[in-house]
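Heads up: the structure comes next, in structure tokens.
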Amino acid sequence: MPEYRIRVAPNTVAYADGESRKLVVEFAIPGAPSDTIDVKILEDSVHLTAPARNIVFVSSLALGWPVKPDKAEATYELGLLRIEVPFKDPMEDAVKVPIKTAVAETKIKRLKT
């Protein structure tokens, strides 16, 4: 029979670093063993599950600006999980659209004065 644990939302803070290049997310998850913490990051969200004693910390955080999940770094110390992930440049995946010219371009007529 699975052990019952109360689900609790951790205290969370998210902010841009001083240069506005990275998103910093901090979760207070005291008592969670580091090897049981599960963090998943998408371009637009962060998801956390962290069992600790008789509770499970769970959180999903929607992000207002896309990030680069593959560049995320996380540290865990004294019950505080800190994640840093760079913001994604909004033009990073932009595709240059080729412009075709019309077959018959209009010519400018000069008026004689």
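The first residue of the sequence shown is numbered 1, and numbering continues consecutively from there. Being a predicted model, the structure only gives us computed values, none of them experimental.
- With hydrogens and angles disregarded, a donor-acceptor distance shorter than 3.5 Å links the side chain of T36 to the backbone of P33.
- Interatomic distance, CG of L48 versus CZ of F57, reported as 9.0 Å (0.5 Å rounding).
- One finds the CD atom of E26 at 5.0 Å from the CZ atom of R82 (value rounded to the nearest 0.5 Å).
- Annotation: the span from H47 atom NE2 to K40 atom NZ amounts to 9.0 Å, rounded to 0.5 Å.
- P51 and R5 make their closest contact through CB-NH1, 2.7 Å (heavy atoms, listed as atom of the first residue, atom of the second, distance).
- Cluster membership check: V56 does not share its hydrophobic cluster with L61, using side-chain heavy-atom separations under 4.5 Å among Ile, Leu, Val, Met, Phe, Trp and Tyr.
- Cluster membership for V13 and V24, using ILVMFWY side-chain heavy atoms within less than 4.5 angstrom, is shared.
- The closest side-chain heavy-atom distance from F27 to V39 is not below 4.5 Å.
- Annotation: E77, atom CD; neighbour count of heavy atoms from other residues, nucleotides and ligands within 6.0 Å does not exceed 12.
- Residues P86 and R21 have side chains not in contact (no heavy-atom distance under 4.5 Å, counting atoms from C-beta outward).
- Between atom NZ of residue K88 and atom CG of residue D44 there is a gap of 10.5 Å, rounded to the nearest 0.5 Å.
- Here the shortest heavy-atom pairing between Y76 and G31 reads OH-N, 4.1 Å.
- Here CD1 of I41 is found 5.0 Å from CD1 of I83. Values are rounded to the nearest 0.5 Å.
- The neighbour count for D17 CG, taken as heavy atoms of other residues, nucleotides or ligands under 6.0 Å away, is above 12.
- Linking Ile, Leu, Val, Met, Phe, Trp and Tyr whenever their side-chain heavy atoms come within less than 4.5 Å leaves V46 and Y15 in two separate clusters.
- Hydrophobic clustering (side-chain heavy atoms under 4.5 Å, transitive across Ile, Leu, Val, Met, Phe, Trp, Tyr) keeps L42 apart from V85.
- Taking hydrophobic clusters as Ile, Leu, Val, Met, Phe, Trp and Tyr residues chained together by side-chain heavy-atom distances below 4.5 Å, V8 shares a cluster with I29.
- To the nearest 0.5 Å, atom CZ of residue F87 and atom NZ of residue K22 are 11.0 Å apart.
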